[in-house]
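The model shown is predicted, which means the values in this text are computed figures rather than measured ones. Note that these values count all heavy atoms, side chains included, but never hydrogens, waters or copies made by symmetry.
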Amino acid sequence: MTMRLLDRRALLSMGGAAVVLPTVACASAGVVDTPSPLSPLSDLAEAGAPQTWAAQAAAALDPGVEALFLEGLPYQGRTTRVFAIRGRPEGAGPHPGIVLVHGGGGTAYAEWVQRWAAAGFVAISVAVEGQTDAQGSGGRDRWVRHQWAGPARDGIYGDIDRPVADQWMFHAVGAAILARNLLKADPSVVPDRVGLCGTSWGGVITATTIGLVPDFAFAIPIYGAGYLDRMDNQYASLARRQSYAALWEPGLRLARYRNPSLWINWPGDQHFSLDVHALSYGEVAGVHAVALRPGMRHNHSAGWSAPESYAFARSVIETGSPWGVMRSASVTGGRAQAEFSSSKPLVSGELVWSPDQGHTGQRAWTTVTADVRQGPDGYSLSAALPAEARGWFINAKSGDLILSSDFQSRQI
């Protein structure tokens with residue numbers, strides 16, 4: 001299938017030279033306008049659908065699921081393509097849509113697409129490192145790269161000193177936007193009901209993209225978020241890279257996003273801590289929901305198996321709002337308390353707390369039962385908070401769904 005070609009003129013004009021970064025304000029000072037080096041990505045949202053070509057998937061595909069290449073962004077003077085897998089739900093539609101972005105070591109996944117198609121969405125999963133879904137030889141060659149590949153990820157923004165249009169994050173965000181454009185031009189998709197979901201590095205890409213192109217109907221970052229340079233783990237090296245803080249920090253632009261978002265994580269995650277997650281969802285202008293799942297683990301299948309993403313997206317599409325959100329959180333008289341609004345019954349709850357400091361993924365966490373009380377304005381959950389608790393959150397449960405409070409912390 002061939003669709004209208006992408007206008008590359010603005011991008012090609014950037015391809016050969018380094019860009020001087022502008023001076024930008026701290027994220028806490030408010031919304032930062034898109035810096036000029038990233039303006040072509042924002043402009044890409046108006047470029048229309050990319051050209052597409054048929055592709056061959058290695059995975060077994062359900063009926064209604066297909067592999068394809070999308071026209072990608074120019075890279076070092078040559079054209080690129082993005083391998084993708086797209087699936088459609090049963091029925092004539094039109095349907096809502098969703099763009100899916102994998103994390104490190106991942107690719108475009110047929111199973112992820114098929115799960116979203118079963119939930120009623122036209123879903124497209126993009127491979128953002130020039131790979132297909134065919135197994136490679138292992139290690140960094142886990143997936144076979146195709147002949148039209150753009151850049152692969154170079155560690156943690158390891159290519160940040162290259163020309164901006166040659167950097168991997170530029171191309172990864174571009175792939176998400178191009179997939180968005182393709183869905184919006186699809187007659188079987190409702191154009192203003194296209195969401196974005198990413199896992200791990202895909203969550204970082206999601207948090208970056210919604211600040212540059214804030215018209216996604218909903219966003220679901222899983223694990224990945226902004227403020228990576230504030231963590232005490234492998235990302236701490238970014239604290240020494242002023243160019244990350246000035247250009248790629250998602251928090252610079254998250255306040256531009258005014259639609260609903262769901263942030264999924266777990267307290268044992270070694271990569272993305274609960275506090276930087278909280279900093280990130282604290283920046284978005286739209287309503288946000290949180291799902292913190294003890295014992296979740298960090299991998300793609302754990303991400304797409306979490307039922308909260310599908311319930312959240314369906315609720316936003318059908319009602320305009322998440323099915324549940326936290327209204328407030330507080331500590332009174334030695335008890336942690338959280339107030340929730342929910343269209344589903346909240347039948348049980350728990351307080352998850354830790355006395356430790358440092359990266360939340362390296363802390364010991366204790367779970368105790370929380371009291372649940374339903375009132376005319378929603379639900380109130382509370383539990384005794386130990387005096388030594390430095391970090392905590394409250395989970396409310398409705399069947400297999402978790403609705404969490406924002407992550408809370410204090411100095412002792």
Side-chain angles (χ1 to χ4, degrees), residues 11 14-42 73 75-76 101 103-105 128-130 140 150-176 198-212 221 223-256 265 269-283 298 358-362:
L11 294 165
M14 296 176 55
V19 179
V20 176
L21 298 180
T23 300
V24 296
C26 173
S28 61
V31 180
V32 175
D33 290 335
T34 304
S36 57
L38 300 187
S39 294
L41 290 175
S42 297
L73 302 182
Y75 177 59
Q76 297 182 341
V101 187
V128 297
E129 296 196 51
R140 288 188 60 84
R153 182 170 61 86
D154 183 3
I156 301 172
Y157 297 91
D159 57 1
I160 202 165
D161 294 325
R162 298 175 193 170
V164 173
D166 287 345
Q167 294 179 29
W168 171 72
M169 184 59 74
F170 188 92
H171 285 258
V173 171
T199 298
S200 194
W201 270 106
V204 178
I205 294 166
T206 296
T208 304
T209 303
I210 60 176
L212 292 164
Y223 311 125
Y227 300 106
L228 306 182
D229 57 346
R230 303 192 187 188
M231 291 190 292
D232 185 19
N233 62 1
Q234 68 267 30
Y235 296 101
S237 62
L238 290 175
R240 302 187 296 272
R241 306 294 293 272
Q242 186 274 337
S243 48
Y244 163 79
L247 183 66
W248 286 119
E249 169 53 61
L252 292 171
R253 293 168 291 272
L254 278 172
R256 298 182 64 202
N265 207 341
D269 198 271
Q270 300 284 319
H271 302 279
F272 301 100
S273 63
L274 302 186
D275 45 3
V276 301
H277 234 224
L279 284 172
S280 299
Y281 54 70
E283 291 282 355
H298 185 111
H359 192 287
T360 57
Q362 298 172 358

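- Under the 4.5 Å side-chain criterion, counting only non-hydrogen atoms from C-beta, Tyr157 is in contact with Val204.
- With Gln76 contributing its side chain and Asp166 its backbone, the two residues share no donor-acceptor pair below 3.5 Å.
- Proximity of a side-chain donor or acceptor of Asp154 to a complementary backbone N or O of Trp168 within less than 3.5 Å is not detected.
- In terms of modelled atom types and a separation under 3.5 Å, the side chain of Thr360 and the main chain of Leu274 share a donor-acceptor contact.
- The side-chain heavy atoms of His277 and Asp269, taken from C-beta on, include no pair separated by under 4.5 Å.
- Atoms CG and CG, from Leu279 and Leu228 in turn, are 11.0 Å apart once rounded to the nearest 0.5 Å.
- Under the 4.5 Å side-chain criterion, counting only non-hydrogen atoms from C-beta, Leu238 is in contact with Ile156.
- With a 6.0 Å radius and a threshold of 12 heavy atoms from other residues, nucleotides or ligands, Asp232 has its CG atom at or below the threshold.
- Remark: Gln242 CD to Asp229 CG distance equals 11.0 Å, nearest 0.5 Å.
- Of all non-hydrogen atoms in Gly203 and Pro221, the two that sit nearest each other are O-CB, 4.0 Å.
- Rounded to the nearest 0.5 angstrom, Asp159 CG and Gln167 CD are separated by 5.0 Å.
- Taking 4.5 Å as the limit, some side-chain heavy atom of Leu38 sits within range of a side-chain heavy atom of Phe170.
- Ser243 and Asp161 get closest at one heavy-atom pair: OG-OD1, 4.4 Å.
- Taking the centre of each ring, His298 and Tyr223 come in below the 6.0 Å mark.
- Side chain of Thr206 to backbone of Gly198: a donor-acceptor contact under 3.5 angstrom is found.
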Test side chain to side chain donor-acceptor pair (under 3.5 Å) applied to His359 and Gln270, step by step: CA-CA 8 Å; His359 192 287; Gln270 300 284 319; 5.7 Å; no
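- At least one donor-acceptor pair closer than 3.5 Å links the side chain of Glu249 to the backbone N or O of Tyr227.
- Side-chain contact check for Met169 versus Trp201: some heavy-atom pair is nearer than 4.5 Å.
- Across all non-hydrogen atoms, the minimal contact from Leu73 to Gly174 is CD1-CA, 3.9 Å.
- Formation of a donor-acceptor pair under 3.5 Å by the Ser42 side chain with backbone atoms of Leu212 is found in this model.
- Proximity of a side-chain donor or acceptor of Arg256 to a complementary backbone N or O of Gly211 within less than 3.5 Å is detected.
- Atom CD1 of Ile205 is separated from atom CZ of Arg153 by 9.0 Å, given to the nearest 0.5 angstrom.
- Of all non-hydrogen atoms in Ala225 and Ser280, the two that sit nearest each other are CB-OG, 3.4 Å.
- Looking at every heavy atom in both residues, Ala246 comes nearest to Leu252 through O-CD1, 3.6 Å.
- Counting heavy atoms from C-beta on, the side chains of Ile160 and Tyr244 come closer than 4.5 Å.
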